[in-house]
Number of protein chains: 2
Amino acid sequence: MRIESKKVKDIMNNNFSNISMSSRSLHVQVARSIARRILSGDLEQGSIVPNEMTLCEQFGVSRTALREAIKLLTSKGLLTSRPKIGTKVVNRAYWNFLDPQMIEWMDGLSDAKVFCSQFLGLRRAVEPEACALAAIHATAEQRIELSEIFQKMVQITENFDQEAWTEVDLSFHRLIFNSTNNDFYLPFGNILTTMFKTFILHSSMHGAVCLNEHRLIYEAIMAGNSAAAKAASVDHLQSGKHRLPETE
Amino acid sequence: MRIESKKVKDIMNNNFSNISMSSRSLHVQVARSIARRILSGDLEQGSIVPNEMTLCEQFGVSRTALREAIKLLTSKGLLTSRPKIGTKVVNRAYWNFLDPQMIEWMDGLSDAKVFCSQFLGLRRAVEPEACALAAIHATAEQRIELSEIFQKMVQITENFDQEAWTEVDLSFHRLIFNSTNNDFYLPFGNILTTMFKTFILHSSMHGAVCLNEHRLIYEAIMAGNSAAAKAASVDHLQSGKHRLPETE
DNA sequence: TTTGAATAATTGTAATACAAAAAATGGTTT
DNA sequence: AAACCATTTTTTGTATTACAATTATTCAAA
């Protein structure tokens, strides 16, 4: 019996497809296109974008599709509409940069290096505290899962495979955010994953060193030692050599 | 000449109305209603919600409006749709709790006390680091604006007015997030504001003490002393007495 | 100058029709 | 019986048209 393990796993996880199925639907494609015009500064903050019919013609889509695209962008804080006035680009201060789809849309617009180091600037704030909270609040099941994941890390390190390691690394950090059992930390799992997948981040250090850093975090959380978990995470993120974008 | 200062100011700021104009449009009302069913657990994760025509009848709206509502919820990570299958509630791990509109929708669902203390759990991670970054990266204009805002705080403290103080307090913290000049910190200004407006948070300590805490943050940032700014912020947020929900 | 009614431009909502995707069905072949 | 393939069926996706609601603009009147 041949197995399509990925598909089966997706079904088990109640996911339709791994990620947000990229851009199958028309309105998402249109939204992405407009979003990038806004994010790049092509459409200026505070300016009124062309009216719906004009945009329909520009993109060659129906008003239905276009309006759904605009609703999507409104939801991200990029646009706001009113009858008779039109649809306006809102001030940058209201853009939801913490939305994974927004992050995908940034791909190739701003300097990836800058963008990633900015992200690291947030990660350094959030993740150590997440580790500290996880050490305290992780459930029994979550601790079991964490040890299973760390086991995998050890195995992969033995004969190193970049892709497999990225996968398990992400699931490691994602589980930590989940293990805070704090709703406000949950989204960072997706944000981190999206950052990795769109700006292909490689940890320049393979194997031993990196595994050791993870081991320190892992053991501190398992021991319920929040201070140690936090310190280990700070150390992990401060060794500023790694996690630079692959390009250039 | 009579002045409608608020409206004039809104026009100056390029805002259509102060906040996201709540629920003027039909599709937002529908979205809110469905969102609350999901957030409350009434609609279970992984389950398929009724098909579009059924929902149209339930809400008494057209398919156009209903679909725009669903697109909004999809954008927040709550739903995902596919032809022939239907629209499914996605796993909680993918919900964007860092979206201001999502936070509004939580009002009255979960225990406000728990929710607010969870938020404080994130704030304690993010805000001290934001202060540290602001101390380093704030522009000249931002430093000027910060001192103006602090001036206002002093004035308001002299004859205390709760509402006015909340207003200026929020603008103080918002400006700090902006002054990091880091895209990923920007959204926290809106998140903080939304948390305050929907879960009416009162700082139990008025006047002098609180002003002093802000002064320490303010002076450290102005001096460019990131370590001191961070420490002052930690202190400000650790005095765990304040910022509890008003209800009960 | 101010007021107020008419106008016009744009988004908001509705209704209908058809296209596309994909599971489910059932019959055919191996 | 098992595998395969075309057919059917269900649901969302897109297009089109029409009309309602909102509100800036215009222009006339007081």
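Just so it is clear: chains get the letters A, B, ... in the order the sequence lines come, proteins before strands, and each one is counted from 1.
- If you check residues 60-77 of chain B against DNA chain D, the residues with a heavy atom closer than 4.0 Å are Arg63(B), Arg67(B), Lys71(B), listed by number.
- Listed for the Asn96(A) side chain is no donor-acceptor partner under 3.5 Å among the backbone atoms of Asp99(A).
- Nucleotide dA18(D) holds its P atom 12 Å from the CE atom of Met53(A), rounded to whole Å.
- The backbone N or O of Ser75(B) lies less than 3.5 Å from a partner atom in the side chain of Lys76(A), making a donor-acceptor pair.
- In this structure, Asn51(B) atom CG and dA22(C) atom P are separated by 18 Å, rounded to whole Å.
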*Hey, mind stepping through Arg36(B) and Asp107(B) against salt bridge (charged side-chain N to carboxylate O under 4.0 Å, His left out) and telling me if it holds?*
CA-CA 9 Å; Arg36(B) 288 171 67 83; Asp107(B) 185 26; 5.8 Å; no
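- Stem regions for DNA chain D, each three or more consecutive Watson-Crick or G-U pairs with both distances under 3.5 Å and listed by first number, read C:1-30 with D:1-30.
- The aromatic rings of Phe150(B) and Phe172(B) are tilted relative to each other, their planes meeting at an angle between 30° and 60°.
- Taking atom NE2 of His27(B) as the reference point, atom P of dA14(C) lies 12 Å away to the nearest angstrom.
- Rounding to whole angstrom units, CD of residue Glu52(B) and P of dG13(D) are separated by 6 Å.
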*Test side chain to side chain donor-acceptor pair (under 3.5 Å) on Thr139(B) and Gln142(B) and set out the steps.*
CA-CA 5 Å; Thr139(B) 66; Gln142(B) 286 165 338; 3.3 Å; yes
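- A parallel orientation is assigned to the rings of Phe188(B) and Phe188(A), their planes being inclined by less than 30° (bins at 30° and 60°).
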*Determine, step by step, whether Val30(B) and Glu68(B) satisfy the side chain to side chain contact (heavy atoms under 4.5 Å, CB included) criterion, reporting the C-alpha distance in whole Å, the side-chain angles of both residues, the deciding distance to 0.1 Å, and the verdict.*
CA-CA 9 Å; Val30(B) 173; Glu68(B) 288 179 356; over 6 Å; no
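- Rounded to whole angstrom, the span from the CD1 atom of Ile48(B) across to the P atom of dA22(C) amounts to 14 Å.
- Aromatic ring centres of Phe115(A) and Phe184(B) lie closer together than 6.0 Å.
- Arg174(B) forms a cation-pi arrangement with Tyr94(A), by the criterion of a distance under 6.0 Å to the ring centre and an angle within 45° of the ring axis.
- Counting to the nearest Å, the P atom of dT11(C) and the CG atom of Leu26(B) are 18 Å from each other.
- Two residues, Pro83(A) and Pro50(B), neighbour DNA chain D, and the one matched to the more 5' nucleotide by heavy-atom proximity is Pro50(B).
- Remark: C1' of dG12(C) and CZ of Phe59(B) are 18 Å apart, rounded to the nearest angstrom.
- For Ile85(A) and dT23(D), the CD1 to P distance is 8 Å, given to the nearest whole Å.
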